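Following: one structure in structure tokens, then a few remarks.
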Amino acid sequence: MSSNPVAATVASLMPRAKEELTELVAFKSVADFGQFPREESEGAARWIAGALTAEGFEDVALLDTPDGTQSVYGRLPGPEGAKTVLLYAHYDVQPPLDDSGWTTPPFELTERDGRWYGRGTADCKGGFIMHLLALRALKANGGVPVHVKVIVEGSEEQGTGGLERYAEEHPDLLTADTIVIGDAGNFRAGLPTVTSTLRGMTLVRVRIDTLEGNLHSGQFGGAAPDALAALVRVLDSLRAEDGTTTVDGLAGDSAWDGLQYADEQFREDAKVLDGVELIGSGTVADRIWARPAVTVLGIDCPPVIGATPSVQASARALVSLRVPPGVDAAEATALLRAHLESHTPWGARVSTGQIGQGQAFRADTTSPAYRAMADAMAVAYPGQEMSYAGQGGSIPLCNTLASLYPKAEILLIGLSEPEAQIHAVNESVSPDELERLSVAEALFLRNLASGAR
């Protein structure tokens, strides 16, 4: 790959990329301002705006989106008559979870065993750095041959829809012939992959109340209805005996007919403990790319340390439902809420509320842009043919963009291969993947401009 001038340029820029990613990772940009200061996210947004300005972008702006966060926008003019390409990433990150589970501090980029560790290194601050590397390599080798727009979201992980609503209110802002979403990942490190489908998602909070207040479990336990026990029953009703998701009225038998995911490879990637079974039925690809999946994200109840012998009067949980392509997220939300309410036992009072939602997405892989990307990846990953895979996660903006710009070609690439452990402790990025995907994106933009097939 080093014989290619673009690849050689990207290689020379990698030390700078590490420095910049280190600076960006240091911002604790979790878009939950009850947990982390708003200033951290705003600082990350300003850093990105400064980076775009330094690269010659015009109209650089911090967009105040309806959910109270900021997205960063910039436009880099290309040759007259050239195509327009929108490059997407997000700078907000998941909370670090338990800091004690990290081998190194979550907001300090640390190199270890050939990888760069830190929250957001792969998801998705590294995606923004990937875009910068690709553009810098093109500038150094004849110039950027297309008009480029960059949008970097500030609340993707929260699913609160700020950028989607902003885009709907300003439909001319993000118009493009082609859109590259830099928030996906290769099926495995070293195997070039575009993501062709995304599951949608909905987040529902459920609350159960049974008593006016907590009661002594010795005096009242056995007859007094326990809200926490009722909640456990409700949550258990969301899965069959084998772990398959069971939401009343929601189909769960779709099949994935593309790239398959071997059980043993999945066990290794997911770090499933020895002797613990995988859940669900069908192939792994069916389960994680083509079918609904429920996850209990959190429960409000007394912690073990400090717990008292009490019957609980109230309990809450946050439930996530991943929605496969072909299923409307709003319909799935209604079914989930109805299920939670109908399965609440003992006449307990139950209330549910939706706090986030995003539609599933399916790309048109027959579009010319996919051929241009396949040719680019063949250079960046010598000897490897581009693969198509699904992704179990959700990027709600994708369907918004597809709806606003139905003629635009949308591709999903990125740095979140399995070893990256995004959303978990010890998230990391492979610098080799960052380098190769930056080369692929640069060559893709060149191919797109020339009309190469």
Side-chain angles (χ1 to χ4, degrees), residues 71 73 75 82-90 123-124 127-128 130-131 134-135 146-153 156 159 161 163-168 170-187 192-201 258-259 289-290 323-329 358-377 386-416 437 440-449 451 453:
S71 292
Y73 171 81
R75 180 178 62 86
K83 295 180 179 180
T84 298
V85 179
L86 175 68
L87 305 178
Y88 167 90
H90 65 84
D123 184 25
C124 178
F128 174 67
M130 175 184 73
H131 295 326
L135 296 175
V146 294
H147 301 293
V148 174
K149 294 179 180 179
V150 167
I151 186 71
V152 188
E153 188 173 3
E156 189 274 342
L163 183 54
E164 292 101 277
R165 296 200 296 276
Y166 190 95
E168 290 167 350
H170 304 82
D172 294 336
L173 184 72
L174 303 181
T175 53
D177 299 296
T178 302
I179 300 169
V180 179
I181 304 292
D183 190 25
N186 286 341
F187 179 67
T193 310
V194 291
T195 298
S196 57
T197 66
L198 297 167
R199 287 191 294 196
M201 57 83 70
L259 183 70
W289 297 335
V323 181
V327 176
D328 179 69
Q359 295 289 355
F361 171 78
R362 188 186 304 275
D364 176 11
T365 58
T366 65
S367 70
Y370 279 82
R371 182 69 262 160
M373 182 62 80
D375 292 344
M377 284 187 163
M386 186 177 79
S387 296
Y388 299 88
Q391 181 171 297
S394 308
I395 306 175
L397 183 65
C398 279
N399 258 342
T400 300
L401 296 177
S403 176
L404 289 174
Y405 319 119
K407 295 182 179 180
E409 302 170 294
I410 301 178
L411 301 94
L412 294 98
I413 62 172
L415 302 166
S416 298
L437 283 167
E441 182 168 274
L443 296 178
F444 163 74
L445 294 176
R446 185 178 281 179
N447 291 346
L448 200 65
R453 301 288 183 267

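Source: prediction; values computed, not measured.
To the nearest 0.5 Å, atom CD1 of residue Ile181 and atom SG of residue Cys124 are 9.5 Å apart. One finds the NZ atom of Lys407 at 10.5 Å from the CG atom of Asp177 (value rounded to the nearest 0.5 Å). Atom CG of Leu404 is separated from atom NE2 of His170 by 12.5 Å, given to the nearest 0.5 angstrom. Rounded to the nearest 0.5 Å, atoms CD (Gln359) and CD (Glu164) are 10.5 Å apart. Distance check, rounded to the nearest 0.5 Å: CG of Leu397 to CZ of Phe361 gives 10.5 Å. One finds the CZ atom of Arg75 at 8.5 Å from the NE2 atom of His147 (value rounded to the nearest 0.5 Å).
Partners of Ser367 according to the side chain to side chain contact (heavy atoms under 4.5 Å, CB included) rule, which considers only residues two or more places apart in sequence or in another chain, are Asp364, Ala369, Tyr370, Glu409. Contacts of Thr195 classified as side chain to side chain contact (heavy atoms under 4.5 Å, CB included), with partners at least two apart in sequence or in another chain: Ala184, Leu198, Gln391, Leu412.
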Practice task
Given side-chain contact (heavy atoms from CB on, under 4.5 Å), test Leu443 with Asp375 step by step and report yes or no.
Solution key: CA-CA 8 Å; Leu443 296 178; Asp375 292 344; over 6 Å; no
Problem - Stepwise side-chain contact (heavy atoms from CB on, under 4.5 Å) check, Leu401 with Leu174 - result: CA-CA 8 Å; Leu401 296 177; Leu174 303 181; 4.1 Å; yes
Exercise for the section: Decide yes or no on side-chain contact (heavy atoms from CB on, under 4.5 Å) for Tyr405 and Ile179, but give the supporting numbers first. Expected result: CA-CA 10 Å; Tyr405 319 119; Ile179 300 169; 4.3 Å; yes
Handout entry: Steps toward side-chain contact (heavy atoms from CB on, under 4.5 Å) verdict (Leu86, Thr178)
Key = CA-CA 6 Å; Leu86 175 68; Thr178 302; over 6 Å; no
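Looking only at distances, a side-chain donor or acceptor of Arg199 sits under 3.5 Å from a matching main-chain atom of Gly392. No donor-acceptor pair under 3.5 Å is formed between the side chain of Lys149 and the backbone N or O of Thr84. Using a distance-only test at 3.5 Å, with no hydrogens or angles considered, a donor-acceptor pair links the side chain of Thr175 to the main chain of Asp172.
Taking the side chain as every heavy atom from C-beta outward, Phe444 and Leu411 approach each other to under 4.5 Å. Counting heavy atoms from C-beta on, the side chains of Leu87 and Met130 never come closer than 4.5 Å. In this structure, the side chains of Thr193 and Met386 stay at 4.5 Å or more apart for every pair of heavy atoms.
Below 30°, between 30° and 60°, or above 60°: for His90 and Tyr88 the angle between ring planes is between 30° and 60°, a tilted geometry.
When all heavy atoms of Glu153 and Leu163 are compared, the closest pair comes out as OE2-CB, 3.6 Å. Here the closest heavy-atom approach between residue Pro324 and residue Ala290 is recorded as CB-O, 3.2 Å. The minimum heavy-atom distance linking Ser196 with Thr365 is given by the pair CB-CG2, 3.8 Å. Considering every non-hydrogen atom in both Pro325 and Arg362, the closest pair reads CB-NH2, 3.3 Å. Across all their heavy atoms, Ile151 and Ser71 have their closest contact at CD1-CB, 4.1 Å. The shortest heavy-atom contact between Val146 and Ala82 is CA-CB, 3.9 Å.
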